[in-house]
2 protein chains.
Amino acid sequence: MEPVNLKRLAQELKLSVATVSRALNNSSSTSPATKARVVAMASKLKYEPNPHASSLRRHTSKTIGVILPEVANPFFSLVVNGIEEVARDQNYHVLLYLTHDNYEREVAITRLLVGGRIDGVLMSVASASQDFTHLDLLRERNIPTVFFDRVYDGLHTAQVTTDNCDSSYAATGHLIDNGCRTIAHLAVSNSLYIGRARTRGYAAALHDNRIPFDDELVRYAQPSQRQDVAMIQGLLQRRPDIDGIFASVESLAMSSYEACQNLGLSIVTAIKIIAFSNLEIATFLSPPLTTITNQRTLWAKPPPGYCLTQSWKTRRFQPATAWN
Amino acid sequence: MEPVNLKRLAQELKLSVATVSRALNNSSSTSPATKARVVAMASKLKYEPNPHASSLRRHTSKTIGVILPEVANPFFSLVVNGIEEVARDQNYHVLLYLTHDNYEREVAITRLLVGGRIDGVLMSVASASQDFTHLDLLRERNIPTVFFDRVYDGLHTAQVTTDNCDSSYAATGHLIDNGCRTIAHLAVSNSLYIGRARTRGYAAALHDNRIPFDDELVRYAQPSQRQDVAMIQGLLQRRPDIDGIFASVESLAMSSYEACQNLGLSIVTAIKIIAFSNLEIATFLSPPLTTITNQRTLWAKPPPGYCLTQSWKTRRFQPATAWN
DNA sequence: TGAATCACTGTAAACGTTTACGTAAATAAA
DNA sequence: TTTATTTACGTAAACGTTTACAGTGATTCA
């Protein structure tokens, strides 16, 4: 079985490979007649160009790499959906890599991508990352990079993020307005800009309401969900005065639900929970979870240059809960 | 700025390109001394091989294409997680494509992949597909293909699926055992094997319990979630005798929750709902949703040849609900 | 000593495309 | 008609890697 490539088409049509190639890329200097013959034969033999040959020659792959912590998470699911959709519309391909918040994995993946496999990178940094030198390689090799959500502010590139500090301030304030006085903050990482921003908003809200900042109340995500639950249970047992939880990611909210259930603590009555989340079915949770939702924003056109910070709008307090 | 490729390394080391290539692929016939020199220089210059050149030459890309209806869905999220993990372990790359259950999209994507971009395809067929000729192209071009969950039984390849008929029989039986007599079945598609199998199990359970099969009670998913809710509301209003719903996918269960809420119908008391679902937080739903869970199975080794049907285990009735 | 083997390296072709350049015929301008 | 221009196509090189093959010393064996 002969392969279907340009050479094959050329033989079949008694033309040169170059002419066939030009005809298919509807270059200007090809006669309409042969162009028609070529496309007819191409569709007859179901010709599909070999992308590796083309990428090698053109130095572009029409492929973008997407590096995420995980995909089993409503927020990142939405992100992947959006990325794939836009990519497909532009005839781009999406290579997906998951770090599972593992630093070594992130480094290994980044290294893989600098060989020319992709034309650009979309990335949400792993929360376990402390050292970001591996990301500098992306700029050294001139690979356009956009950070989103969990951004790395060290590299001077485009980034897409929410107004984390502001939203966290509002979320914490919302708990305070509803009577909470001892509010735990469950954070992802303090080496990431996003983590620091959310903690900053939390602290600012406490300060403006004359509530002392208590270091013991700020806890960080563990490597596994199981450990998260244990950590939260421990915290709630050590500090029975806690009457509010501000979770900076959805999974920590769910772990809080589980911890409260295990301890027999009534959510809403005893402890109110608010979280950054994109869970569509938050209303059907028992009790409904108050969420801060990252709204999807569409870029009408690419940003001018690569050093712009675009932020998501966040819609606050979605949906209505039992206590607000 | 000179590019970092084999030629560059060869110049730097005063060796031929071939020797450098052999040293890096630790071929047998290279002296340990030069091999060491080469890898040292490669890591110094942060050399990464160009995958397109390599793929072109080797006729393999170490890349698999994954074609899914969507990713914003706990089941497919889990699937993507698993695929990416195994792929990364084997040094493979994952190209992700989403069909959004759109037939034309699926055809277009399939065509894209036959040009040699990928070494194999993992696919869950779009529910809107009626015609499967586009999939035959995959076999014509000898592209290894594995269908999962929403399988296409026309092509004689490996497929991974749940014991749909059996699980549906059990799920429907579970509703009947709990007193339901008028059970609606919300299905995805009847052109897909999976859809037919699930409906078959539903019908068999009715039959074995001497409940007549009622065509009006079998409804199919609509293009949008909003329309699903409207469809279910319509059904429930037309047929107030419905006391059970068997949803063949999670989103239809969630739409049922919404429909019941809109109509003021009490789930559990008035209507019991059971669904295929991988929603981890199903217990936290109000009321908890009874689910049939697709358990993840690991293939210890690839199947012998490509015409084996491997099935998932399904764990039934997870988690415990208020009514069972 | 000569032939045979071995370890290592270089030469060159190939993978399938794209594209600068050359060339021939056809057309336009003189 | 001759000359310039255009149109359409072919030739060949390039992209970066792999690999069959050949070549070169060095070592081994007879």
Side-chain angles (χ1 to χ4, degrees), chain A residues 1-39 41-42 45-63 91 112-119 141, chain B residues 1-39 41-42 45-63 91 112-119 141:
Chain A
M1 191 189 62
E2 273 181 281
V4 183
N5 50 26
L6 287 187
K7 198 200 284 184
R8 171 81 187 285
L9 291 183
Q11 279 173 359
E12 215 81 35
L13 293 162
K14 306 211 184 309
L15 284 173
S16 79
V17 174
T19 305
V20 176
S21 172
R22 275 190 296 253
L24 290 174
N25 297 313
N26 55 2
S27 151
S28 48
S29 62
T30 338
S31 85
T34 52
K35 193 180 291 185
R37 282 209 312 142
V38 170
V39 299
M41 180 61 74
L45 298 185
K46 291 171 188 160
Y47 167 76
E48 278 295 322
N50 182 313
H52 302 118
S54 169
S55 297
L56 177 59
R57 179 58 224 248
R58 287 194 146 129
H59 294 287
T60 66
S61 57
K62 286 198 149 275
T63 303
N91 238 295
L112 274 180
L113 296 188
V114 304
R117 190 182 299 271
I118 43 84
D119 293 349
R141 296 292 161 95
Chain B
M1 192 190 60
E2 272 182 282
V4 183
N5 50 25
L6 287 187
K7 197 200 284 185
R8 171 82 188 284
L9 289 184
Q11 281 174 357
E12 216 80 35
L13 293 161
K14 304 210 185 308
L15 285 173
S16 78
V17 174
T19 305
V20 176
S21 173
R22 274 190 297 253
L24 290 174
N25 296 315
N26 55 0
S27 152
S28 49
S29 62
T30 341
S31 86
T34 54
K35 194 181 291 185
R37 283 209 310 142
V38 170
V39 298
M41 181 60 77
L45 297 185
K46 292 171 187 160
Y47 167 75
E48 278 295 322
N50 182 314
H52 301 117
S54 171
S55 298
L56 178 59
R57 178 58 222 247
R58 287 193 146 130
H59 294 286
T60 67
S61 57
K62 287 200 148 271
T63 303
N91 238 295
L112 274 180
L113 296 189
V114 304
R117 189 183 299 272
I118 43 84
D119 293 349
R141 297 290 160 94

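Just so we're on the same page: letters track the sequence lines, and every chain starts at 1. Just so it is clear, the structure is predicted and the values come from calculations on it, not from any experiment.
Residue A:Tyr47 places no side-chain N or O under 4.0 Å from the OP1 or OP2 atom of C:dG16.
Taking OG of B:Ser16 as the reference point, atom CG of B:Leu6 lies at 10.0 Å (rounded to 0.5 Å). Remark: B:Lys14 NZ to B:Arg37 CZ distance equals 9.5 Å, nearest 0.5 Å. Rounding to the nearest 0.5 angstrom, the gap separating the CG atom in A:Asn91 from the CG atom in B:Leu112 is 6.5 Å. The CE atom of B:Met41 sits 8.5 Å away from the CZ atom of B:Arg8 when rounded to the nearest 0.5 Å.
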Which nucleotides of nucleotides 8-15 of chain C have their base under 4.0 Å from a protein heavy atom (B), which only their sugar-phosphate (S), and which neither (-), written as one string 5' to 3'?
SBBB-BBB
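The CG-P distance, from A:Leu24 to D:dC9, rounds to 13 Å in whole Å. Atom CZ of A:Arg37 is separated from atom P of D:dC9 by 9 Å (rounded to the nearest Å). Taking atom CG of residue A:Leu9 and atom P of nucleotide C:dG16, one finds them 12 Å apart after rounding to whole Å.
Shown here for B:Ala10 and B:Val20, the closest heavy-atom pair between the two residues is CA-CG2, 3.8 Å.
Side-chain atoms of A:Ser61 never come within 3.5 Å of backbone atoms of A:Ser55 as a donor-acceptor pair (strictly under, hydrogens ignored).
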